[in-house]
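Here's the structure, in structure tokens; my notes come after.
These numbers were taken from a predicted model, which means no experiment stands behind them. Every number for a ligand or one of its atoms is a count from 1 in the order of the listing.
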Amino acid sequence: MRGSMNEYPFDTLQTVLIVIALIAIWVVASKAWQRLQLSLAKSPSLGGHLRWAKRITSRIPGYSYAKDQWLAADGAPSEVALRRQTALLKLGADLKCTAPKTLANTAQAKPMISDLQLISQYRVPFQFRSYLQEHVTLGSFWKESEGVNLTDLDGNTFIDVTGSYGVNLFGQDFYKDCIDEGVSLVKSLGPVLGSYHPCVLDNVQRLRRISGKDEVSFHMSGTEAVMQAVRIARYSTGKSKVVRFTAAYHGWWDDVQPGPGNPMPPSPYTLTLREMHKNTLRVLRNRHDIACVLVNPIQAMHPNQSAPTDSTLLSASRRAHFDRAAYTKWLQALREVCTARGIVLILDEVFLGFRLARGGAQEYFDINADIVTYGKTLGGGLPIGVVCGPHALMKRYKESNPADLCFARGTFNAHPYVMGAMNAFLRRIESEPAKTLYKTLDETWIRRAKLLNDRLAQAKLPLRIEAMSTVWTVLYTCPSRYNWMLQFYLRREGIALSWVGTGRLIFSLNFTDADFESFVTRFVQAAQKMHEDAWWWTPNGQTNKTIQRQLLRELMAHKFLRVQ
Ligand SMILES: Cc1ncc(COP(=O)(O)O)c(C=O)c1O
């Protein structure tokens, strides 16, 4: 009896310890399993490993090629280097003598406008910047727009494929009309804030129809719209984590722009996962703390890769391919898992909204997101961000807990002038001519991309176009160190590109076939001249891999041997 009384507490303690140990093992194992799942769902590239990406990019040494290396970075013989030098000087002189006023204004503005410094700095790979800028500069001022053309301060006209960061969908004249119409609509009220001009009601009704959602909130930029969408998703689900996909841009807010470019360490509340991958679906299925998934459908062109810019075009390794069916399938898989797990699916249509279809990316990819963000073109030429969602997600207070609200406002939200221009925009896109335009949109731009590709192939030029409707990227087939030079040849032929150069050409829908033909002629001519000027001369055996190895050796030498 006594013995059994002594054994009893001992057994209990042992049992408790075993249970605690088992629980601890289970907790550790499930955490490790979760961690492993997360690791498996990361893109193997640096873009998937943001802490590493930040560490590595912050240690890349800056250096510049002096003249001889600049002209023969690929080991070109002296006669090739000489041809290149002559061509470079002529290119610079041509750009300079045709645009003295534009360039003088740009030079004057540059030290005073920090954004201008950043964008002119990031047009070309850094090794080439210094010597290039001694000889070739581009103007950053325009005085007029008409049709598909921009005119600089010296009266030179350029075909505009800058796209105004994506805003310019219907052509600048369209937006001038929207703004004029909007101003006359709201003029008698003026900039009264905090309540609404009656056109807001019409805007909301139209947006509800287009988005298929119950409610709308207005903001001043796409970044703000995304901030709001994420905030309400967190509030309504009570969960904290945001899933974004590798390299997808959603504005410059810390939580959705972790990694290089952001001085803060990546937020622990943001999971950056691999797009179009089954391991990502497994993470979404198995975790309990995910509030929302953010999708930027432009990534369909280059999943898990950053927007292509010429500043990283060090070889010909840029890749892009748009497969509408595959991306539709991916979005449907995301939709299924988000529905099953109570995760808010946010389709960020700030860039692509209205560009692919009248009903936006939701219509184009046949997907019903929980929340949709719009921006850019929707403001009819004025700054805008919009969130559309169902009542349950958009509600920012709780009757049962009156102090528990989700605060998000903004002084300029629903500004009457913006609402007026938006009203003009929305009326226009619901008009019959716009409906007709949308019906043939894909067909038109697929045909046009093919036409340019055929001409490039006929001329045996080492480049081609990949297109997602009106958003194009130039792909190079020659493993050259100088592919980024094409942007300057294009400018000389009268084509205006944005600061990302040939990485992204954005067309407006007012291009007629004649405008497009003129674009093709100039484009092919620019590439032909670049070819004649020997920038696509390559040494035997040069490949993207050999270029990458050479660059790595260079970086190491500059980093560790302090080579000048
Ligand atoms: C998909 C997407 N979301 C959000 C933003 C941010 O918009 P904004 O520049 O108006 O802040 C952008 C801007 O390019 C975008 O492309």
Side-chain angles (χ1 to χ4, degrees), residues 115 118-119 122 162-169 175 211 217-233 242-259 261-262 270 272 275 292-309 320 322 327 331 334 345-356 360-362 364-365 367 369 371-389 408 410-415 418 421-422 425 468-473 497-500 503-506:
D115 209 36
L118 181 84
I119 60 175
Y122 283 88
T162 67
S164 288
Y165 292 110
V167 171
N168 185 14
L169 175 58
Y175 296 94
S211 67
S217 73
F218 295 109
H219 307 273
M220 286 307 294
S221 67
T223 301
E224 274 191 79
V226 170
M227 288 166 81
Q228 167 75 336
V230 170
R231 181 172 278 203
I232 55 176
V242 179
V243 167
R244 68 181 273 273
F245 294 119
T246 309
Y249 187 65
H250 297 281
W252 61 281
W253 170 44
D254 277 1
D255 277 24
V256 296
Q257 200 253 311
N262 181 344
T270 302
T272 297
E275 187 150 25
C292 58
V293 175
L294 262 173
V295 179
N296 178 355
I298 190 95
Q299 293 297 113
M301 268 184 113
H302 40 73
N304 303 301
Q305 288 175 53
S306 301
T309 86
F322 175 48
Y327 203 70
L331 290 182
L334 268 184
L345 180 62
I346 304 173
L347 198 59
D348 181 1
E349 298 205 32
V350 167
F351 190 93
L352 276 186
F354 310 101
R355 194 168 271 281
L356 300 176
Q362 282 199 109
Y364 191 76
F365 292 110
I367 188 82
I371 291 179
V372 189
T373 54
Y374 301 107
K376 306 224 186 224
T377 196
L378 175 57
L382 294 181
I384 192 65
V386 165
V387 179
C388 297
T411 303
F412 289 109
N413 293 356
H415 189 292
V418 178
M422 181 194 286
F425 175 88
M468 179 179 186
S469 192
T470 47
V471 183
W472 293 16
T473 191
L497 304 175
S498 76
W499 69 298
V500 298
R504 193 155 274 174
L505 278 49
I506 306 174

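- With respect to Val226, the side-chain contact (heavy atoms from CB on, under 4.5 Å) criterion is satisfied by exactly one of Val256, Asp255, Val387: Val256.
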Self-check item: Verdict with supporting geometry, Val471 and Phe351, side chain to side chain contact (heavy atoms under 4.5 Å, CB included)
Solution: CA-CA 10 Å; Val471 183; Phe351 190 93; 4.0 Å; yes
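- Checked by atom type, the side-chain pair Arg355/Ser469 shows no donor-acceptor distance below 3.5 Å.
- Sorted by chain then number, the residues whose non-hydrogen atoms approach ligand 1 to under 4.0 Å are Ser221, Gly222, Thr223, Tyr249, His250, Gly251, Asn296, Asp348, Val350, Phe351, Lys376.
- Cation-pi contact between Arg504 and Tyr249: absent, since separation from the ring centre below 6.0 Å together with deviation from the ring axis within 45° is not met.
- Residues Pro297 and Met468 approach most closely at O-CE, 3.4 Å, considering heavy atoms.
- The side chain to side chain donor-acceptor pair (under 3.5 Å) search around Thr270 returns none, not counting sequence neighbours.
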